[in-house]
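One-based numbering, in listed order, for ligands and for the atoms of each.
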Amino acid sequence: MVGSVLVYENRIIGEGYHRQYGQAHAEVNCINSVAEKDKHLVSRSTLYVSLEPCAHFGKTPPCSDLIIEKGIPHVVVGCRDPFEQVNGKGIEKLRAAGVAVTVPVLEPECKQLNKRFFTFHTQHRPYIILKWAATADNRIAAPAGLSRLLISNEYTNRLVHRWRSEEAAILIGTNTALQDNPSLTNRLWTGHYPVRLVIDTQLRLPTTLQVFDRQQKTIVFNYTRQEEQHNLHYYQLENKAPLLPQILQAAHQLSIQSILVEGGAQLLQSFIDNGLWDEARTITNETLVTGSGLHAPLLSGHSLTRTEKIHNDTIRYFNNQNHND
Ligand SMILES: NC(=O)c1ccc[n+]([C@@H]2O[C@H](COP(=O)([O-])OP(=O)(O)OC[C@H]3O[C@@H](n4cnc5c(N)ncnc54)[C@H](O)[C@@H]3O)[C@@H](O)[C@H]2O)c1
Ligand SMILES: Nc1nc(=O)c(N)c(NC[C@H](O)[C@H](O)[C@H](O)COP(=O)(O)O)[nH]1
């Protein structure tokens with residue numbers, strides 16, 4: 001998400017944002033939005049943009065060239081672009097052409113806007129959000145053998161589906177796939193369906209499970225099979241090396257910029273114990289007490305950023321203290 005405005009003497013004469021990957025960048029949309037009567041002001045205006053203008057030919061031509069061509073004398077940049085083909089080159093190119101560049105401005109806010117993209121390029125892994133729902137006595141599932149415990153209310157479930165629509169992929173552990181038979185869709189919300197990532201190292205999950213219905217792209221991480229069928233991708237990993245770094249490396253290679261980890265407890269705890277997470281979102285049903293069942297993961301190194309209530313559910317948002325500015 002990148003935004004840009006063009007300002008002439010305290011008046012906004014153009015504005016634009018990057019609508020979709022592969023389409024025109026914010027600066028191009030901003031410059032193109034200037035009305036005919038204001039076009040002569042462009043070369044006397046200041047361009048504000050939340051991310052450094054690009055310097056390379058990617059899906060679109062370089063924005064820094066366009067800015068130079070239009071004779072824009074001053075550019076205010078929120079933060080540098082960590083993407084290796086840009087990373088300071090856009091700023092350099094502008095300065096070399098005589099454009100005054102002010103950078104950075106509101107850097108933490110601009111980085112926050114693109115947290116997934118920044119994590120992907122600086123840490124070479126997707127942005128990781130952990131999520132679980134727990135009872136008031138901190139259980140995430142009923143005792144083994146009992147049917148799936150419905151903890152969150154229908155409004156919170158809608159929010160969870162919204163979260164799904166905001167991330168590139170959802171990851172679950174083998175037991176969750178087997179015991180809950182989730183579909184991992186965002187049918188209660190709009191927008192894109194995330195890629196389903198399922199751990200099944202020994203390929204012991206029955207293919208009748210909903211995650212194998214091929215209705216959306218699904219990747220099965222396992223130790224024996226490398227194969228791509230329609231919407232179903234078996235991705236083979238090394239059984240002697242730790243699993244999580246391999247999954248994150250595979251996701252990076254597949255250009256998956258963010259993952260919502262939906263459990264279960266073992267999987268979530270392994271992300272926590274390895275410090276491999278950026279955000280955690282927990283839902284607590286304040287009125288449901290089971291007295292037994294699977295304990296919720298134990299979070300560490302976290303700071304609470306926000307709390308929200310939806311009826312009897314309390315939703316807490318945490319950041320990883322070690323990763324967030
Ligand atoms: N309330 C919630 O938010 C929520 C969310 C998801 C699941 N659940 C519940 O959790 C239960 C399942 O949780 P769980 O902890 O038993 O299992 P899990 O879903 O975490 O799966 C564990 C299995 O996945 C694989 N796995 C997971 N992490 C791994 C790692 N780091 N390295 C190698 N293999 C790994 C292993 O095969 C392991 O046995 C279910 O009953 C489900 O209903 C609740
Ligand atoms: N938000 C939430 N509230 C709950 O009460 C509960 N039990 C889960 N559990 C999460 C677990 O991952 C489930 O398996 C999927 O939430 C099922 O997702 P589907 O909508 O069936 O795809 N999650």
Side-chain angles (χ1 to χ4, degrees), residues 128-165 169-189 193-194 196-205 209-213 215-216 218 220-223 237-248 250 259-277 280-288 290 292-299 310-316:
I128 300 166
I129 302 172
L130 310 180
K131 171 252 148 184
W132 66 85
T135 61
D137 56 343
N138 218 19
R139 313 287 176 149
I140 69 160
L146 298 182
S147 62
R148 182 165 139 196
L149 185 64
L150 299 179
I151 300 167
S152 46
N153 65 51
E154 59 175 309
Y155 304 103
T156 309
N157 291 345
R158 204 156 288 203
L159 176 66
V160 169
H161 282 214
R162 178 182 172 170
W163 292 346
R164 288 177 173 180
S165 77
I170 302 187
L171 173 67
I172 56 165
T174 313
N175 296 353
T176 297
L178 194 61
Q179 289 163 24
D180 288 4
N181 190 13
S183 59
L184 306 181
T185 61
N186 46 277
R187 60 199 175 277
L188 303 176
W189 196 255
Y193 278 23
R196 299 183 288 207
L197 308 177
V198 183
I199 299 176
D200 186 13
T201 54
Q202 312 298 332
L203 290 181
R204 64 183 174 95
L205 291 175
L209 292 176
Q210 294 196 85
V211 287
F212 296 113
D213 65 10
Q215 294 298 309
Q216 75 209 74
T218 303
V220 183
F221 292 110
N222 71 94
Y223 289 150
L237 301 175
E238 171 60 53
N239 69 355
K240 296 210 168 56
L243 198 71
L244 295 194
Q246 294 192 77
I247 289 179
L248 297 180
I259 298 183
L260 183 68
V261 184
E262 286 216 18
Q266 271 189 52
L267 181 63
L268 288 161
Q269 196 64 55
S270 56
F271 274 94
I272 297 167
D273 294 346
N274 286 287
L276 285 171
W277 63 282
R281 300 173 186 171
T282 64
I283 300 157
T284 307
N285 181 334
E286 307 291 359
T287 54
L288 181 65
T290 52
S292 59
L294 190 63
H295 277 283
L298 193 62
L299 205 54
I310 302 182
H311 289 289
N312 49 341
D313 289 346
T314 302
I315 300 150
R316 293 184 178 85

Original post:
Which residue holds the protein heavy atom closest to atom 44 (C) of ligand 1, what is that atom called, and what is the gap in Å?
Top reply: Ile140 O, 3.3 Å

Original post:
Does Ser270 approach ligand 1 within less than 4.0 angstrom via side chain, backbone, both or neither, non-hydrogen atoms only?
Top reply: side chain

Original post:
Out of Asn153, Ile170, Asp313, Asp180, whose heavy atom is nearest to atom 14 (O) of ligand 2?
Top reply: Asp180

**OP:** May I ask which of Glu262, Arg204, Gln269, Gln266 has a heavy atom nearer to atom 15 (O) of ligand 1 than the others do?
**Re:** Gln266

Subject >> Nearest-contact summary for atom 18 (O) of ligand 2 - protein heavy atom, Å >> reply: Arg164 NH2, 2.9 Å

Original post:
Between Ile151 and ligand 2, does any nitrogen or oxygen pair lie at a separation below 3.5 Å?
Top reply: yes

Subject >> Residue portion contacting ligand 1 (non-hydrogen atoms closer than 4.0 Å) for Leu268 >> reply: neither

Subject >> Atom OH of Tyr223: over 12 foreign heavy atoms under 6.0 Å >> reply: yes

**OP:** Report yes if some N/O of Asp180 lies less than 3.5 Å from some N/O of ligand 1; otherwise report no.
**Re:** yes

**OP:** Go through ligand 1 atom by atom and flag the ones less than 4.0 Å from a non-hydrogen atom of Ile151.
**Re:** 1 (N)

Original post:
Please state which protein non-hydrogen atom is closest to atom 23 (N) of ligand 2 and give its distance, to 0.1 Å?
Top reply: Lys131 NZ, 3.1 Å

Original post:
Of His161, Arg187, Gln210, which has the heavy atom at the shortest distance from atom 19 (P) of ligand 2?
Top reply: Arg187

Original post:
For atom 12 (C) of ligand 1, what is the nearest protein heavy atom, given as residue, atom name and distance?
Top reply: Thr176 OG1, 3.5 Å

Original post:
Got the closest protein heavy atom to atom 3 (N) of ligand 2, with its distance?
Top reply: Ser152 OG, 2.5 Å

Subject >> Ala133 and ligand 2 - part of the residue with a heavy-atom distance under 4.0 Å >> reply: side chain

Original post:
Given that the side chain starts at C-beta and the backbone is N, CA, C, O, which of these parts of Arg148 lies under 4.0 Å from ligand 1, counting heavy atoms, or is it both or neither?
Top reply: neither

Original post:
Any idea which atoms of ligand 1 are less than 4.0 Å away from a heavy-atom of Trp132?
Top reply: 3 (O)

Original post:
With a cut-off of 4.0 Å, which atoms of ligand 1 are near a heavy atom of Ala265?
Top reply: 13 (O), 14 (P), 15 (O), 20 (O)

Subject >> Closest approach of any protein heavy atom to atom 1 (N) of ligand 1, naming residue and atom >> reply: Ala133 O, 2.8 Å

**OP:** Just go through Leu149, Leu184, Thr135 and tell me whose heavy atom is the nearest to atom 6 (C) of ligand 2.
**Re:** Leu149

Original post:
What protein heavy atom is closest to atom 21 (O) of ligand 1, reported as residue, atom name and distance in Å?
Top reply: Asn175 N, 3.3 Å

**OP:** For ligand 1, indicate whether the residue Gln179 contacts it via side chain, backbone, both or neither (heavy-atom separation under 4.0 Å).
**Re:** side chain

Original post:
Which protein heavy atom lies closest to atom 9 (C) of ligand 1, and at what distance to 0.1 Å?
Top reply: Ala141 CB, 3.8 Å

Subject >> From the candidates Leu243, Leu237, Thr174, the one that places a heavy atom nearest atom 25 (C) of ligand 1 >> reply: Thr174

Original post:
Hey, which atoms in ligand 2 end up nearer than 4.0 Å to a heavy atom of Arg148?
Top reply: 15 (C), 17 (C), 18 (O), 21 (O)

Original post:
Looking at atom 18 (P) of ligand 1, what's its closest protein heavy atom, distance included?
Top reply: Gly264 N, 3.6 Å

Original post:
Which bit of Ile172 gets closer than 4.0 Å to ligand 1, counting heavy atoms only: side chain, backbone, both or neither?
Top reply: neither

Subject >> Heavy atom of the protein closest to atom 20 (O) of ligand 1 (residue, atom name, distance) >> reply: Leu267 N, 3.0 Å

Original post:
Looking only at protein heavy atoms, which one is nearest to atom 10 (O) of ligand 1, and how far off is it?
Top reply: Leu294 CD2, 3.6 Å

